[in-house]
Protein chains: 2
Amino acid sequence: MKPPNHRTPDTPPGFGSATLAYPVTLKNVADRAGVSVSTASRALNGQARKYRISPATEKAVRKVAADLGFQASQVARSLRLKRSGLIGVIVPDISNPFFASIAREVSLGVEAFGFSVLLGDSREETEIEQRLVEQLRAKQVEALLVCPVGVDPDHLVKLDRSGLPVVVADRVFDGIELPSVTSDNRTAARAVAEVLIEQGHRKIGVLSGVRDSLPAKTRLQGLTDAAQHAGFHLDPSYLAGNAFTEQSGYDATLTLLDRHPEMTAIFAMCTPAAIGAMRALAERGMAIPSDMSIVAFDDHPFAELMKTPLTVSVQDIPRLGRLATAVLLKRLNVNPSTDSSTESSRQTLPPLSTPAEIEIQSSTSLWKVPTTLLRRSSVAVPRQ
Amino acid sequence: MKPPNHRTPDTPPGFGSATLAYPVTLKNVADRAGVSVSTASRALNGQARKYRISPATEKAVRKVAADLGFQASQVARSLRLKRSGLIGVIVPDISNPFFASIAREVSLGVEAFGFSVLLGDSREETEIEQRLVEQLRAKQVEALLVCPVGVDPDHLVKLDRSGLPVVVADRVFDGIELPSVTSDNRTAARAVAEVLIEQGHRKIGVLSGVRDSLPAKTRLQGLTDAAQHAGFHLDPSYLAGNAFTEQSGYDATLTLLDRHPEMTAIFAMCTPAAIGAMRALAERGMAIPSDMSIVAFDDHPFAELMKTPLTVSVQDIPRLGRLATAVLLKRLNVNPSTDSSTESSRQTLPPLSTPAEIEIQSSTSLWKVPTTLLRRSSVAVPRQ
DNA sequence: CCCGCTTGCACAATCGTTTGTGCTCTGTGC
DNA sequence: GCACAGAGCACAAACGATTGTGCAAGCGGG
């Protein structure tokens, strides 16, 4: 890269100096070591024994390589090996800590195997998501982890069928055809809903995320379960909103407040929506939890310090990320549990961490990680 | 990639079917169109005019390519062109929204030019940062945006000297040798400090980030400026902490509380530290702002809803990210301001956004973006 | 002394692009 | 009728790695 303004170190004048000039190729190493390119390659790749390179030669080559700061071009290697060492990660919004954490776990988990993460941010738009997929496909990623915007999974399924392994996280789909990992949203939703119901709430407004997404459907299901168990029925008119955003939560809250003044509690399907709801309530001069109780999903460092700490169901995001990573790695046929001192990563540095203690049980294609309930002060007995 | 279990479409039997088999090469397209590989390449790359490919041929090739779903292998192209189309982004913690936002802006800003972002998370450790740099170098990234852990910039400087453009953001260094972009921390710090001083605070504890980092030094400088202007002197013993983390803020607060019971205000150099401080104060049973005033940096959606919304100086993070991206692109000799309908990105999709309205003024290598002050309720007149 | 086996390495093909150069036509002007 | 220009395309050499195969020594046994 950047051909101009470097001296290429073909036959450097002062033997032994060899300050790093950027593109040091295998040929440079070979020449300097007085061997052929193939020998140099084998010496560096631990193939010495197999191809009977003498220990002396191997050592010499290694030394020259080190002196020259040789780094094998992954591009060339990729071409020859038909393996890019790249994994694409596409999320709706990387500045959302939830997705950032997932990206982080993937990045941390795969680098031990010499993979790097190509990041894509779809900005919650399906069209951009598709463009990103194409772009990453052209970059020859070996697998894709997608947290989809939430609609139209078809292009992902097609992609997977065409031979590019795709794993879906969080925003999984119904009638699933792709390996997916998500939280146990139904149980989680039921748990938070029951906090409300125990206190006597029956008129519960729901701030929904993308309606077609499985998380939204499943959380609604959990709420319905709880209602049913308590012997009442949830009117669909108490449902509003159609996105996992603050704006959606704000708008939906106002809508519900107008539509159902008798409402005593809010069930927010995500943190941004809860924030939006709190803004809306503040504008209407309503206090939490005295005028309105509220429950939500996911926690945050700030949460504890809030005026009214939210009662939430918290997902184990890192675990979700690690599970997704494990599934990804499994589909790539690299063994997450193998001791990583093997030559799998060749010249790349030794593993930074043991990738995942996750057991991929069974052959299901939908994995769920458990959640925990955090009861805090945002729920009270309904006023009247 | 993934050679097995696809039919290669060399000469597909049913003409016209051509469902996507994964590796469709240029040769396949050429064969099917009845031309040579070189002609196919030129037809697809808009070189038709220059190399006198007949419009008919060009059209035919394009059609075949479309039918086959041809995507040029970026790996092969990279090898030939000596351009990977990859940009490395290394941050200390991608799950921190601050860095996530920066990564996001870079990703958004460069994709219009056909670049993709390779993400690295250094986990606030210099050693890992260095490993990531090596890994990304091997992947042939064309440039690197680093938010360093904060110490030992030497390897970055060396890298840049060796021909790989490096841009530093946020955690810039003193005696700078690399293009850097950061906020105007001195002014920002002075502004928040003055909020404290105006109310009469003089015994101000400082929760510092990494001492050697320029942000920490500069923010301290801003505080010192304000103190000096108000005619008093800040005792170094009021300084504690040495990291941009919650833990550091917590520990430092306890330390200062013990060391200086007369302290009436806290100047936290980052949000995590402020959170740590609030935890510590809560444990000691101290209320904000009645028992202790506090100011900090950076805002957050949650901030408004906190028990005591913090008075903070907020950085324009997206702008910072965009500026960094612009500097990056400039160093890569792609023109951020050019209308992007040029053939710069070839077969890659049309630009998703106008990359940056940023004016890169002058040839300075340190750029600063302005900040704004948010006065909220975390500051009061000192008790006694 | 010669044959054959082992050792240690070099040759060359290959991955899928891009691009400089050269070949073959067709048509035109004289 | 012929040379020549230019249009339209094919050939082949890179890019930097990996890897199957072939070739030359060295050695021992007969």
Side-chain angles (χ1 to χ4, degrees), chain A residues 1-3 8-10 22-31 33-61 65 68 70-85 138-140 343 346-348, chain B residues 1-3 8-10 22-31 33-61 65 68 70-85 138-140 343 346-348:
Chain A
M1 313 284 148
K2 301 265 93 183
T8 49
D10 288 77
Y22 199 62
V24 177
T25 77
L26 190 55
K27 182 167 191 326
N28 296 324
V29 174
D31 287 354
V35 298
S36 76
V37 180
S38 46
T39 300
S41 170
R42 293 195 250 249
L44 295 175
N45 286 351
Q47 310 254 21
R49 202 48 45 99
K50 187 177 166 194
Y51 282 94
R52 295 170 321 202
I53 304 296
S54 75
T57 306
E58 177 180 352
K59 208 168 154 190
V61 171
L68 260 41
F70 171 73
Q71 284 260 90
S73 160
Q74 288 296 333
V75 169
R77 195 200 288 238
S78 295
L79 183 59
R80 173 65 222 236
L81 262 32
K82 288 178 166 306
R83 292 208 32 206
S84 64
K139 292 271 201 291
Q140 315 299 121
E343 287 293 327
R346 301 281 188 108
Q347 298 180 353
T348 61
Chain B
M1 312 289 151
K2 301 267 90 183
T8 49
D10 286 76
Y22 200 64
V24 178
T25 77
L26 189 54
K27 181 165 191 326
N28 297 324
V29 174
D31 287 353
V35 298
S36 74
V37 179
S38 46
T39 300
S41 170
R42 294 195 248 251
L44 294 175
N45 284 351
Q47 310 254 22
R49 202 48 43 98
K50 187 175 165 197
Y51 281 94
R52 295 171 321 204
I53 305 295
S54 76
T57 306
E58 177 179 353
K59 210 169 151 191
V61 171
L68 259 41
F70 170 72
Q71 284 258 89
S73 160
Q74 288 295 334
V75 169
R77 185 187 284 206
S78 296
L79 182 58
R80 175 63 223 234
L81 261 32
K82 290 178 165 301
R83 291 207 33 206
S84 64
K139 291 271 199 297
Q140 314 299 119
E343 287 292 330
R346 302 281 190 107
Q347 297 178 356
T348 61

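Per chain, numbering begins at 1; letters A, B, ... match sequence-line order.
A close approach under 4.0 Å does occur between a side-chain nitrogen or oxygen of Gln47(A) and OP1 or OP2 of dT19(D). Taking side-chain N and O atoms only, Lys82(A) has a distance below 4.0 Å to OP1 or OP2 of dG16(C). Phosphate contact (OP1/OP2 of dT18(D), side-chain N/O of Ser41(A), threshold under 4.0 Å): present.
Look at NZ on Lys139(B): it is 14 Å from P on dA17(D), rounded to the nearest Å. One atom, NZ of Lys27(B), and another, C1' of dC11(D), lie 13 Å apart when rounded to the nearest Å. Rounded to whole Å, atom C1' of dG16(D) lies 12 Å from atom CD of Gln74(A). Put simply, CG on Asp31(A) is 13 Å from C1' on dG16(D), counting in whole angstrom units. Residue Lys50(B) contributes atom NZ, which lies 19 Å from atom P of dG6(D) at whole-angstrom precision. Going from atom CG of Asn45(A) over to atom P of dT19(D) covers 8 Å, rounded to whole Å. Atom CG of Leu79(A) is separated from atom C1' of dA14(D) by 13 Å (rounded to the nearest Å). Taking atom CG of Leu44(B) as the reference point, atom P of dT17(C) lies 10 Å away to the nearest angstrom.
Contact detail for Gln140(B) and Ala72(A): the closest heavy-atom pair is OE1-O, 4.3 Å. The shortest non-hydrogen separation linking Val29(A) to Val24(A) is CG2-CG1, 4.4 Å. The nearest pair of heavy atoms linking Asn45(B) to Arg77(B) is OD1-NH2, 4.1 Å. In terms of heavy-atom proximity, Ile53(A) sits nearest to Arg42(A) at CG1-CB, 4.3 Å. Shown here for Thr25(A) and Phe70(A), the closest heavy-atom pair between the two residues is C-CE1, 3.5 Å. Closest approach of Pro23(B) to Asn28(B), counting heavy atoms only: O-ND2, 3.8 Å.
By the side chain to side chain donor-acceptor pair (under 3.5 Å) test, Ser54(A) is found to be paired with Thr57(A), residues two or more places apart in sequence or in another chain being considered. By the side chain to side chain contact (heavy atoms under 4.5 Å, CB included) test, Ala30(A) is found to be paired with Val35(A), Val37(A), Ala40(A), residues two or more places apart in sequence or in another chain being considered.
Counting only heavy atoms from C-beta on, Thr25(A) has its side chain closest to dA17(D) among dG16(C), dT18(D), dA17(D). Comparing atom distances between the Leu26(B) side chain and each of dT17(C), dA17(D), dA10(C) picks out dT17(C) as nearest. In the set dG16(D), dT18(D), dT19(C), the nucleotide with an atom closest to the side chain of Leu81(A) is dT18(D).
Rounded to the nearest 0.5 angstrom, Ser36(A) OG and Leu26(A) CG are separated by 9.0 Å. Distance check: Arg52(A) CZ to Glu58(A) CD gives 15.0 Å after rounding to the nearest 0.5 Å.
Between its two ends, the helix from dC1(C)-dG30(D) to dC30(C)-dG1(D) turns its axis by 80°, counting five pairs per end and rounding to 10 degrees.
Remark: the Ser38(B) side chain and the Ser41(B) side chain contain no N/O donor-acceptor pair separated by less than 3.5 Å.
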Which pairs, protein N/O on one side and nucleotides 11-13 of chain C N/O on the other, fall under 3.5 Å?
from    : atom 1 : to       : atom 2 : distance (Å)
dC11(C) : N4     : Ser38(A) : OG     : 2.9

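Nearest-nucleotide positions on DNA chain D for Gly34(B) and Ala76(B) put Gly34(B) closer to the 5' end.
If you check residues 51-60 of chain A against DNA chain C, the residues with a heavy atom closer than 4.0 Å are Tyr51(A), Arg52(A), Ile53(A), Ser54(A), Thr57(A), listed by number.
Panel note: side chain Ser78(A), backbone Arg83(A); a donor-acceptor pair is recorded below 3.5 Å.
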